[in-house]
Each structure stands twice: as C-alpha cells, then as structure tokens.
Amino acid sequence: METPYNFRKTTTVQELIDAHNSLEDGTGSGTTVSIAGRMMLRRDQGKIAFGVLQDGTGRIQLFAPTKVTPDFEKFVALNLGDWLGITGEVMKTKRGELSVKVEEWVVLAATQRPFPDKWHGISDPDTRYRQRYVDLWVTEEARKTFVLRSRLLSLTRKWLEDKSFMEVETPVFHPIPGGALAKPFETHHNALDIELYLRIAPELYLKRLVVGGFEKVFEIARVFRNEGLSSRHNPEFTMLELYEAYADWEDIMKLSENLIEYLAIELTGSPVVSFDGKELNLSAPWKRTPMVELIKEHTNEEVSLEMPIEDLQSLCNKLDIEFESEYGPGKLILEIYEKTVEPNLWDPCFVTEYPKEVSPLSRDHRAKPGFTERFEGIVAGREILNGFSELVDPNEQMDRFKEQIQKSESGDEEAMGLDSDYVRALEFGLPPTGGIGIGIDRLVMLLADVQTIRDVVLFPTLRPEQ
RNA sequence: GCCUCCGUAGCCAAGUCUGGUAAGGCAGCGGACUUUUAAUCCGAAGAUCGUGGGUUCGAAUCCCACCGGAGGUACCA
C-alpha cells in the first residue's frame, strides 16, 4: 500500500484538548486542525462513525458522518492500530465529547498485525517486554513510567548543571575493570588483539578527571555486570556517578538527599511518594546511622572490628548467615548488616561507616580506625546509592589494590584488578573529593512505584525467542 | 545456579485436581444501525492446546525431558 512520505500536523492531541476543552456541547469551534496518530477504537453507527485516535500526548475522538467524511466506507473499514493523518474542525458532540470532524483523512501506515485486545491489552509479561513497541501503545502505565524516566534524567542533568557540574563521557571498554566489586563482561578487540571489559562502573575514570582539574563532574553511565537477573537486576543498567573536589562525604550526603527530594517533588508533586502500597517520605534530611549501631538496633548484638573473629563467626551462625572462612571482621559485619538490617530499613536512611576491608576506594574514617567515610542510601529496603570521601593517597590505594589481588588469587571473581595507571593519577594529586553513584533504574522504580526493574528498562535482557 | 508456579487462536481467557477429543469475549471477515464512549445486534470463520517423548482404547488434562516466562533464593546495584 502506498503511503505518504510525510504528514504536516498542526497540533498534538494534548494541545488540542487544552485549547478547546471549554467548548459547549454540540458546537463547532470553527478551528481546523491536522493531527496524526494511531486508531485505537472505532464505533460505527451506520451513517456515522466514531474513532479514537492516540498520539504521543493523548487520545481524542474522531467524528465521521457520511456527509462529511470522504471515502466513508473505507474509513469504516480501517483496522485498529492503523496510523492516520486527520484534518478537520474541532467540535464537541451532543454527549460532550471533544472530537475532530474527519473532513480529510489519510492512512500513514496500515497495521498488518492485529492489535491486542482493546480492553485487556497485553497481560503476558513476556510479550510486553519482547514487543515493547506494542506495550507502549496499549499500556498507559508503561508509557507513563518511561516518560517519568526520561524526565528524571533531564531534571537530574539540569539540577547538576545548575550547580556547575559538568557532564562527561568516559570509556565503556576498560582494560582493567574497576570501580566496583562485580563480574565483568569480556570482549576482544581484534586490531589491538587485547581483551577488554565492559565497564562495571565509571568511577576510576571520573576521578582521573578530577585529577585533571575538572572539579565537578558527572556521568550518566550505562554499566554492565555479568551476574544473575532478578526483579532488581538487569545485566546492563544506568548509574549516575558524580565527583566533587574539595567535598567530603557529609557534603555528598546532603547533595544526594537534596537531589532525590527535588526529583520526587518535580516528578510526583510531593516529597512523600507511594511505593508498594506504603508511604515513603523522601524529604531531606535523611537519617544517618553508623552500620554497627544499626546492627545493635536490629539484632541487639554488639559487633566491632576488635572482637575476636570467632565471635563474629559464631554470631553469623546464630543469625543463620552464611560466610566463608577467609572473610575478615569487616566483611562479616557487612554480611550481618545486609541480612538483618538492610531489608528492614523502609524510610530513607544513610548507613554510614563501612568497614575498610569492603571499601577499597573509600578514604579512612577521620576518627574511627578500620572504618571508612563511606555511606549507602537505603530506601524501602533497597540500596539506591553509594558514596564516600574518596581515597586520595596513592600509597594507601596501592595497598588496597594489593589486598584485592590477594582476594582475586584466592578465587574471588569480583575482586578488583590492579589499575596502576589510576595509582599514577593519584600520585599527581587528587584533592579531597567526595563522590557518589546512584542507581537510576532503582530510583525510577521508587518514583514510578513499580516493583520490577524490567518495567523501567525499555528493552530488558531476556533469553532470545525460540 | 537452585526451588516453586505458569505457557490453550493476533490479544483476553474457561477447561487441567476428577482423561472421553477445546467454552466465551476482543480484534479480523460479511451484514444492520445518523451522536457513540470497551457502542450494540445478527452471521460465518479462526487452535500443531510451548516442543518432543511416554502411559492409556483415548491426553490440553497424568508422567519424563527440553524451550520460554514469572515469583522466590544465591551473587550483586
């Protein structure tokens, strides 16, 4: 079927509704518009037909009487899902439905496949994720969620730029995966004949940029981790990382809670959102509590880095927490926290003072030996951000890398590799710096009130069909 | 990776426990109807019951394997 190469529409459905909604029932506006979109519903009445056209902004009724609409029989034979260009007067029917009178019409694309049930839409999640192009047309919630995601990214950029942060792009291919503890995807560059890894975090490159004199940088980075899939994990996901020279973790906590409060207000109208049927108050400031205090609160057990490791191990046994024999006290305390505290933290909270053993890029706590100035932001039992005063001492960083190498050699697939160029960068001097990574997908889940990451990723990773 | 559940026409979906040869609706097709709102009404049609094997006179239904998905769990953000 021959279809036009373009169509000049004069307005969108939403603009049209806004401009003419006050029209009186059963009257014409005298205004002629051209609109385009997809036919979602049709009701034929013999000598008159009604349709519903949907574009990217909304739905509007089409009013097609025999005497007005050319090729009336063909118009009535259109299929649900066909793309149409419509020109005619804006009017309101006797029943008060704002409509466009179909005075001219053209098929912009005919659908060759039947559209899903006009009432039930698609319920099979498999079909929704594989054929997102259909889902977006028939599932309003899906459309809203992805619009929210887009606005969140846009608002985040604007907010950070207003604070003089500069957006940068760093490599996706890393010769040494770093910046997080995770299994990377591997690939190969033919011309250079080298192994490369898809980044698991942009962190180390961003801090190199601070060394280079970009004092406030951020990247909205797609990162890749070769791990299991779940309702909270997609192999590729989006992380906002930012670094601010001369700032410490306190500054970064303030910045994070302010950003998230701002996004909640802009996107939902209120800092108090509804999530999973419960109220969630994202207003700054968030509570700040050291990890060991939270463990005390939730288990009534005292833990410390100084206590005999056997005591920590037996506590793990008592709490039914699995551990490996090579775990040090810091890792054991982290395990206890993650199993007993994290899932039970509903209101936004900064968990502070992470053990040094599990924080190879964080700066030592200025007062508490063995701990770092690292925090995670937990909301609704989920970790959505992770930040710290950055480790700036190249010698200390080298020691921490060496510990990672030992872990790697003893079989830890997620240990960091030694990035000696990063250490060289630190040798040129990294000023005091605070940084953070925010899981954008999880933040979108919170603000859109959806329970699975597949509902905030347009094309989630799935097994190929067949 | 492991455990549990699910897979019936383009879409929604009954039937599976208690085996007897696939209900209904939407969409599509033919027809009626000049202000409908998931329009309604009449008619005809549309199904390798995820795939393969097994049990049985007989399998959508019971058993096994595989494929795909969901939830949970492990690793992790």
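In what follows, chains are A, B, ... by sequence order, proteins preceding strands, each numbered from 1. Fair warning: this is a prediction, and the values are worked out from it, not measured in the lab.
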Nearest to side-chain heavy atoms of Ile122(A), which nucleotide of rC12(B), rA27(B), rA70(B): rC12(B)
Asp441(A)/Arg149(A) salt bridge by N-O under 4.0 Å criterion: yes
Partner nucleotide, any strand, of rC62(B) [Watson-Crick/G-U, under 3.5 Å]: rG54(B)
rC33(B) and rU48(B), which share atom name C1', separated by this distance in whole Å: 40 Å
Touch class at under 4.0 angstrom, heavy-atom based, for Asp25(A) against every strand present: nothing
rG15(B) and rC62(B), which share atom name C1', separated by this distance in whole Å: 16 Å
Interatomic distance at P, rA45(B) relative to rG50(B), whole Å: 25 Å
Residue whose closest nucleotide on RNA chain B lies nearer the 5' end, Gly228(A) versus Trp119(A): Trp119(A)
Gap in Å between the two C1' atoms, one belonging to rG7(B) and one to rU16(B), rounded: 13 Å
Salt-bridge present (Asp82(A), Arg42(A); N to O < 4.0 Å): no
Protein-nucleotide distance (Arg463(A), atom CZ; rU51(B), atom P), rounded to Å: 19 Å
Spacing between Phe63(A) atom CZ and rU37(B) atom P, to the nearest angstrom: 14 Å
Gap between atoms NE2 and P, on His120(A) and rG10(B) respectively (whole Å): 18 Å
Leu462(A) CG to rG68(B) P, straight-line distance once rounded to whole Å: 11 Å
Separation between the C1' atoms of rC67(B) and rA22(B), rounded to whole Å: 24 Å
rG54(B) versus rG19(B) - spacing of their C1' atoms, nearest Å: 15 Å
Proximity to the side chain of Asp117(A) - top-ranked nucleotide from rC26(B), rC29(B), rG68(B): rC26(B)
Evaluation steps, ring pair (Phe, Tyr, Trp, His ring centres under 6.0 Å), between Phe50(A) and Phe63(A): CA-CA 5 Å; Phe50(A) 300 89; Phe63(A) 179 76; 5.7 Å; yes
Value in whole Å for how far the P atom of rC29(B) lies from CG of Asp44(A): 10 Å
Residue Ile48(A), side-chain heavy atoms: nucleotide from rU73(B), rA38(B), rU34(B) that is nearest: rU34(B)
Inter-nucleotide C1' distance (rA13(B), rU35(B)), Å rounded: 33 Å
Glu335(A)/Lys331(A) ion pair, N-O < 4.0 Å: yes
Distance-only polar pair, side chains of Ser231(A) and Thr452(A), donor-acceptor under 3.5 Å: no
Sugar-phosphate only, base, or nothing, as touched by Glu383(A) at under 4.0 Å among non-hydrogen atoms: sugar-phosphate
Atom C1', compared across rC11(B) and rA27(B): separation rounded to whole Å: 7 Å
Stepwise salt bridge (Lys or Arg N to Asp or Glu O under 4.0 Å) test for Arg222(A) and Glu236(A): CA-CA 7 Å; Arg222(A) 189 73 62 88; Glu236(A) 53 179 307; 2.6 Å; yes
Residue Ser123(A), side-chain heavy atoms: nucleotide from rA38(B), rA13(B), rC75(B) that is nearest: rA13(B)
Sugar-phosphate only, base, or nothing, as touched by Asp124(A) at under 4.0 Å among non-hydrogen atoms: sugar-phosphate
Phosphate OP1/OP2 of rU37(B): any Arg43(A) side-chain N/O under 4.0 Å: no
Under-4.0 Å side-chain N/O to phosphate OP1/OP2 contact, Arg130(A) with rG69(B): yes
Phosphate contact (rA70(B) OP1 or OP2) by Arg454(A) side-chain N/O below 4.0 Å: yes
Sugar-phosphate only, base, or nothing, as touched by Arg42(A) at under 4.0 Å among non-hydrogen atoms: sugar-phosphate
Complement of rG1(B), any strand, by Watson-Crick or G-U distances under 3.5 angstrom: rU73(B)
Closest nucleotide among rU37(B), rU35(B), rC75(B) to the Phe50(A) side chain: rU35(B)
Sugar-phosphate only, base, or nothing, as touched by Gly26(A) at under 4.0 Å among non-hydrogen atoms: nothing
Nucleotide nearest Glu227(A) when distance is taken to its side chain, options rU37(B), rC75(B), rC11(B): rC75(B)
Any donor-acceptor N/O pair under 3.5 Å between rA39(B) base and Gln45(A) side chain: yes
Touch class at under 4.0 angstrom, heavy-atom based, for Leu385(A) against every strand present: nothing
Minimum-distance nucleotide to Gln61(A) side chain [options: rU37(B), rG28(B), rA39(B)]: rU37(B)
Distance in angstrom units between Leu80(A) CG and rC12(B) C1', rounded: 15 Å
Any Lys118(A) side-chain nitrogen or oxygen under 4.0 Å from OP1 or OP2 of rA27(B): yes
Paired nucleotide for rU16(B) [Watson-Crick or G-U wobble; both distances under 3.5 Å]: none
Base-pairing mate for rG43(B) - Watson-Crick or G-U, with both contacts under 3.5 Å: rC29(B)
N-O pairing of Lys101(A) and Glu89(A) below 4.0 Å: yes
Touch class at under 4.0 angstrom, heavy-atom based, for Arg232(A) against every strand present: base
Sugar-phosphate, base or nothing in reach of Ser99(A), heavy atoms under 4.0 Å: nothing
Lys356(A)/Glu403(A) salt bridge by N-O under 4.0 Å criterion: no
Atom-pair distance (CG on Leu23(A); C1' on rU35(B)), nearest Å: 15 Å
Sugar-phosphate, base or nothing in reach of Asn386(A), heavy atoms under 4.0 Å: nothing
Closest to side chain of Lys67(A), choosing from rA27(B), rA70(B), rU34(B): rU34(B)
Closest-nucleotide ordering on RNA chain B, the 5'-leading residue of Arg113(A) and Gln451(A): Arg113(A)
Touch class at under 4.0 angstrom, heavy-atom based, for Tyr129(A) against every strand present: sugar-phosphate
Nearest-Å distance for atom pair CG/C1', residues Asp455(A) and rA70(B): 12 Å
Min side-chain heavy-atom separation Val379(A)-Trp286(A) under 4.5 Å: yes
